[in-house]
Amino acid sequence: MGLAGRVAMIAVAAAFFAALAQWVITPFLAQGEIRNQRQIAVDSGANLLADIARLHAEAGHWDEIPALVDALSVGMPDGQSAVFDAQWKLIAQDGARDSLPSPEAMDELVSTPNGILVIGERYYAARQIRVGDQTAGYAVYSFIPRPFVNTWLGVVGLNAIVLSLVLLAIAPLIYRLARLALRPVTVLERGIRGRDPKDKSKLADSSDDRLLKPLLTSIDEVHERSEAAMRRALTMAYTDPVTRLPNRLRFLSRLEAAVAAGQGAHLVVCDLDRFRQVNVTYGPRVADIALAGVAERLRAVLSQSGLSGGFMGRIGADQFGIILPGSSREAIDALMTACSRAIAEGFTIEGQAMRLAASFGAAHAPGDATSAADILKLAEVALKEAKKQTEPRTAFFDQRLLDKARAQSRLEDELRDGLDRGEFVAVFQPKVKLETGELVGAEALARWRRPDGAIVSPGVFIPIAEELGLIAKLGKQVMRDACFAAAGWNRKGIVSSVAVNVSPHQFDDPDFVSSVYKALDDSGLPPNLLELEITESAAVADGDRVARTMWPLRNRGVRLAIDDFGTGHSNFAAITRLPFDVFKIDQQFIRALSTDPHAPAIVEMILAMAEALGQETVAEGVETKEQADFLLRRACTIGQGYYYSPPLPAEEFDAFVRSYRPRPADRFAA
Ligand code: C2E
Ligand code: MG
Ligand code: MG
């Protein structure tokens with residue numbers, strides 16, 4: 001229903017209800033008047049009866065009174081007449097006798113001028129019939145008025161019907177009047193609806209109507225406010241609050257548009273290296289400031305690069321994307337290198353110096369792929385490749401990378417399955433006391449025994465397991481294998497201790513310490529026969545964490561070895577703070593003993609340092625007698641390497657030990 005229709009309906013309803021209200025109220029207001037009318041009616045009846053009776057009496061026709069009363073009962077059907085003689089003896093009456101009041105009550109009624117008596121619903125009036133000075137008798141008239149409600153309902157019902165009919169008849173007229181009155185509003189409504197959305201002129205300017213002007217002004221205001229709110233919401237939905245760059249959503253829609261344009265565009269994905277560490281070390285607030293700083297540097301490099309049409313966004317927690325339409329590969333390469341340098345310059349945030357590095361991967365549309373999703377995936381493949389390089393870490397996508405990535409993801413799936421199927425086992429390499437040649441222990445080294453019989457070395461699968469977060473599970477399996485094997489040897493009195501390699505990622509596992517206890521408890525291996533090896537680089541990278549995790553184990557008697565020592569660029573102070581018992585000199589120094597003139601000095605220095613700290617020393621990768629002799633001369637205590645034995649499966653290890661003939665090194669050999 002239109003506006004005018006509604007207004008007309010409201011007017012009709014209002015008229016109807018107003019009239020109804022008036023009818024309801026009026027009778028209550030008119031109560032007094034109604035009572036007055038009834039008194040007049042009964043008074044007139046009694047007077048009339050008395051007058052007629054008097055005329056009859058004067059004419060000497062007193063005996064005709066009953067006939068008179070009868071006649072009156074026909075003439076005044078609602079009333080009841082009664083005539084008495086002077087002694088209140090009833091002469092004539094129409095209706096029941098017991099409806100008359102007592103003679104005393106009637107006597108009193110007659111003596112009251114204009115007196116009325118009401119008994120129940122009946123109204124009574126009585127008058128003397130006087131003939132000359134004599135009282136000839138009394139006339140009594142009474143009647144029951146019609147019930148008030150009946151009268152009222154009759155009137156109201158009728159009125160309501162009449163009113164409804166009238167209103168129905170004039171409704172079209174009211175409607176027309178409403179339409180006429182509302183014409184400016186309807187015109188305005190039509191105008192607003194038909195307005196071009198791009199029309200930014202003010203509605204208030206479109207009319208000078210005194211009534212409409214304030215209305216239009218407030219519509220303008222509401223409109224402006226909602227537009228501003230919409231703009232704010234849109235900005236928030238598409239902007240990253242930390243860097244003020246377009247967010248992933250907006251970036252991807254821009255990428256889609258750029259790819260769809262088919263003009264050729266590069267996508268560069270920039271990923272901050274080890275940014276998680278920044279978050280952990282400095283906290284999220286400082287990390288956010290660093291991200292904003294990185295965005296600023298990237299923006300500056302992009303604007304100075306001279307490349308036009310570049311579009312940048314934050315596409316991940318520590319990832320940025322740049323779309324560059326129509327640029328050459330060389331220009332993109334130069335841009336990535338410049339960005340890498342700009343980030344590597346370092347940041348100072350709230351007085352703290354911070355080093356950051358980033359890797360960059362690029363892909364080209366339509367050269368490499370023709371959809372936004374694919375191009376993003378390929379740029380990430382390139383990024384993964386870039387991560388493996390030295391600075392500047394940049395790479396372009398190349399089909400071979402994809403093949404490699406696919407092979408890698410296959411390998412990852414197989415690794416997951418292999419872990420579930422128990423394909424990872426430990427092999428054991430003996431450790432020998434250089435001086436006597438006796439076996440003192442073994443190092444457990446993980447092997448992946450594939451279903452086809454192929455053996456995969458840990459250099460291949462450990463980094464993948466670390467990346468996939470599977471190293472904790474793998475590490476636990478090797479730990480259990482090693483503890484059970486060593487407990488078995490121990491019972492047979494073969495070899496005493498076993499060393500197990502621990503990846504720094506295993507410290508992320510809150511169950512790590514308890515899983516070591518469990519392996520010891522379940523296997524029955526005494527804790528002092530277990531040695532945990534942590535590479536020097538891992539120990540140095542997060543010394544505090546290593547110390548926190550290792551102290552409880554060490555307090556229980558587990559020994560700790562620093563593995564691949566000499567490769568981790570550690571400083572002396574950092575190493576001495578950590579709870580190590582054993583130094584394992586990296587095999588590269590042992591291998592270099594005969595070829596690199598500096599190697600003996602380095603080995604000697606490490607051995608001197610270990611001796612000063614009172615620690616045991618193990619030389620890794622001992623392959624020749626000469627190496628063993630040299631190491632013994634320089635006070636190295638233990639050797640491990642092919643010279644004694646390669647790593648052996650658990651079942652071969654027993655046989656090896658049984659047939660083992662000690663090979664003591666010669667301190668005095670030339
Ligand atoms: P690592 O702990 O330094 O182990 C010594 C590596 O040198 C082993 O390689 C061993 O087979 C090899 N090796 C031993 N003697 C000789 C020798 O005379 N000459 C030469 N050229 N090599 C020798 P492998 O088994 O391939 O292990 C490589 C690395 O993988 C290990 O280095 C260790 O860091 C890691 N790794 C092995 N098993 C595990 C494991 O269960 N968990 C973790 N986290 N890392 C492991
Ligand atoms: Mg090791
Ligand atoms: Mg090593």
Side-chain angles (χ1 to χ4, degrees), residues 429-443 445 459 495-502 504 531-541 543 546-547 550 554 559-647 662-670:
Q429 186 172 37
K431 291 200 300 195
V432 173
K433 193 167 177 187
L434 286 167
E435 190 164 18
T436 58
E438 73 186 285
L439 294 173
V440 289
E443 178 178 3
L445 294 157
V495 179
S496 46
S497 74
V498 72
V500 179
N501 294 283
V502 174
E531 195 171 289
L532 301 183
E533 295 189 4
I534 296 140
T535 60
E536 184 193 16
S537 48
V540 173
V546 171
M550 289 306 178
R554 192 161 185 269
R559 282 156 49 92
L560 301 184
I562 184 158
D563 202 356
D564 300 346
F565 192 77
T567 57
H569 314 290
S570 57
N571 63 47
F572 190 72
I575 287 302
T576 50
R577 258 193 314 223
L578 294 168
F580 287 108
D581 309 280
V582 180
F583 271 68
K584 293 192 81 175
I585 306 167
D586 191 66
Q587 53 179 275
Q588 74 180 65
F589 302 109
I590 313 300
R591 200 181 310 131
L593 278 178
S594 55
T595 53
D596 182 349
H598 300 299
I602 295 171
V603 173
E604 235 167 284
M605 205 179 66
I606 295 171
L607 289 170
M609 187 172 116
E611 199 176 21
L613 293 171
Q615 286 170 341
E616 190 173 86
T617 41
V618 179
E620 291 181 331
V622 179
E623 293 185 354
T624 64
K625 178 159 187 319
E626 288 68 37
Q627 290 166 345
D629 292 343
F630 173 87
L631 289 163
L632 179 64
R633 269 206 304 282
R634 296 294 181 260
C636 179
T637 42
I638 293 165
Q640 175 187 349
Y642 297 162
Y643 175 56
Y644 302 103
S645 164
R663 291 177 158 189
D666 184 353
R667 195 188 298 271
F668 305 106

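Starting from 1, each residue takes its place in the sequence as its number. Just so we're clear, the structure is a prediction, and the values are computed from it rather than from any experiment.
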With [X] via side-chain contact (heavy atoms from CB on, under 4.5 Å) - residues at least two apart:
| X | answer |
| --- | --- |
| Asp666 | Lys625, Asp629, Phe668, Ala669 |
| Val432 | Leu439, Tyr644, Tyr660 |
| Ser537 | Thr535 |
| Ala619 | Ile590, Val622, Leu631, Cys636 |

Side chains of [X] and [Y]: closer than 4.5 Å at any heavy-atom pair?
| X | Y | value |
| --- | --- | --- |
| Val603 | Leu593 | yes |
| Glu443 | Val618 | no |
| Leu578 | Met550 | no |
| Phe580 | Leu613 | no |

Quick one: closest heavy-atom pair of [X] and [Y], and the distance?
| X | Y | result |
| --- | --- | --- |
| Pro647 | Leu445 | CG-CD1, 3.7 Å |
| Ala628 | Ala665 | O-CB, 3.7 Å |
| Ala499 | Lys431 | CB-NZ, 4.0 Å |
| Pro664 | Pro662 | CD-O, 3.4 Å |
| Ala539 | Ile562 | CB-CD1, 4.4 Å |
| Pro430 | Pro646 | CD-O, 4.1 Å |

Please enumerate all residues that pass salt bridge (Lys or Arg N to Asp or Glu O under 4.0 Å) together with Arg663, with sequence neighbours excluded. none
Residue set satisfying salt bridge (Lys or Arg N to Asp or Glu O under 4.0 Å) with Asp596, at least two apart, ordered chain then number -> none
Charged N-O contact under 4.0 Å between Glu536 and Lys584: no
Taking only residues two or more places apart in sequence, or in another chain, which ones meet [X] in a side-chain hydrogen bond (donor to acceptor under 3.5 Å, both in side chains)?
| X | result |
| --- | --- |
| Glu438 | Thr436 |
| Ser497 | none |
| Glu620 | none |
| Asp563 | none |

Answer yes or no: is there a donor N or O on one side and an acceptor on the other, between the side chain of Gln429 and the main chain of Ser645, under 3.5 Å? yes
Give a yes or no on whether the backbone of Glu533 and the side-chain of Asn501 come within a donor-acceptor separation of less than 3.5 Å. no
Pairs flagged by ring-ring contact (aromatic ring centres under 6.0 Å, His included) wherever residues 582-617 is involved - sequence neighbours left out: Phe565-Phe583
Mind checking the CG-NZ spacing from Leu632 to Lys433? Nearest 0.5 Å is all I need. 10.5 Å
Asp586 side, atom CG; Ile606 side, atom CD1 - distance, nearest 0.5 Å: 8.5 Å
Residue pairs passing the side chain to side chain donor-acceptor pair (under 3.5 Å) test where at least one lies in residues 599-616, sequence neighbours excluded: Arg559-Glu616, Glu604-Arg634
Could you walk me through whether Ile585 and Leu607 pass the side chain to side chain contact (heavy atoms under 4.5 Å, CB included) test, one step at a time? CA-CA 8 Å; Ile585 306 167; Leu607 289 170; 3.5 Å; yes
